[in-house]
Amino acid sequence: QTYKGHNGAVSCIRFSPHGRWVASGSQDNRVILWDLTAGKKLHEFQAHQAGITTMDFHMTEYFFASGSADRTVKLWSVDTFSLVGSSDF
């Protein structure tokens, strides 16, 4: 199946530990969370000012972190689809 939603090149993807979701990060400054079981977009996360360069899921909790060329790391809740923390580097 093909998942479409980014306006820029996809720079990284990560599968969730339980395998139900995949997150894709792009040069369009967004992370999209996809539900692999339903085959649809769950949510778009937007807070970075530059392309996404890395991301990873927490092993046991419903959180993931995204890193960007804007020199920030964002911590996201997958439970509430909200930004819960940010650090500048």
Side-chain angles (χ1 to χ4, degrees):
Q1 183 165 356
T2 301
Y3 295 90
K4 295 183 179 181
H6 286 289
N7 297 322
V10 173
S11 53
C12 53
I13 63 167
R14 291 291 182 273
F15 288 89
S16 64
H18 53 59
R20 291 190 317 242
W21 306 323
V22 66
S24 57
S26 172
Q27 294 303 308
D28 65 8
N29 309 351
R30 298 181 297 148
V31 174
I32 299 179
L33 184 65
W34 305 92
D35 182 325
L36 297 176
T37 305
K40 65 178 186 174
K41 183 184 333 183
L42 284 179
H43 192 74
E44 290 185 25
F45 297 88
Q46 299 182 33
H48 287 289
Q49 301 302 310
I52 309 303
T53 57
T54 189
M55 63 189 159
D56 209 353
F57 282 91
H58 190 280
M59 290 301 294
T60 59
E61 303 291 332
Y62 289 131
F63 294 101
F64 75 91
S66 58
S68 169
D70 66 7
R71 300 175 50 103
T72 64
V73 173
K74 309 285 188 194
L75 182 63
W76 305 93
S77 168
V78 179
D79 238 2
T80 61
F81 299 126
S82 62
L83 180 65
V84 295
S86 181
S87 292
D88 296 331
F89 291 95

Heavy-atom check, side chain of [X] versus side chain of [Y], under 4.5 Å:
X: Val31; Y: Phe64; value: yes
X: Arg30; Y: Asn7; value: yes
X: Ile52; Y: Ser26; value: no
X: Arg14; Y: Thr54; value: yes

Minimum heavy-atom distance [X]-[Y], with the two atoms named:
X: Phe57; Y: Pro17; answer: CB-CD, 3.6 Å
X: Ser24; Y: Trp34; answer: OG-NE1, 2.9 Å
X: Tyr3; Y: Lys40; answer: CE2-N, 4.1 Å
X: Ser68; Y: Gly51; answer: OG-O, 3.0 Å
X: Tyr62; Y: Arg20; answer: OH-NH2, 3.6 Å
X: Ser86; Y: Lys74; answer: OG-NZ, 3.0 Å

Side chains of Asp70 and Thr72, donor plus acceptor under 3.5 Å: yes

In terms of hydrophobic clusters joined by side-chain contacts under 4.5 Å, are Trp76 and Leu42 together? yes

Check for me, please, whether Trp21 and Met55 land in the same ILVMFWY cluster - side-chain distances under 4.5 Å, paths through other members count. yes

Could you tell me the separation between the [atom1] atom of [X] and the [atom2] atom of [Y], rounded to the nearest 0.5 Å?
X: Asp28; Y: His48; atom1: CG; atom2: NE2; value: 11.5 Å
X: Thr80; Y: His43; atom1: OG1; atom2: NE2; value: 9.0 Å
X: Thr37; Y: His18; atom1: OG1; atom2: NE2; value: 9.0 Å

His58 (side chain) donor-acceptor with Thr60 (main chain) under 3.5 angstrom: yes

Linking Ile, Leu, Val, Met, Phe, Trp and Tyr by side-chain heavy atoms under 4.5 Å, what else ends up with Val73? Phe89

List, by chain and then residue number, the residues other than Val84 in its hydrophobic cluster (Ile/Leu/Val/Met/Phe/Trp/Tyr, side-chain heavy atoms under 4.5 Å); write none if there are no others. Phe63, Leu75

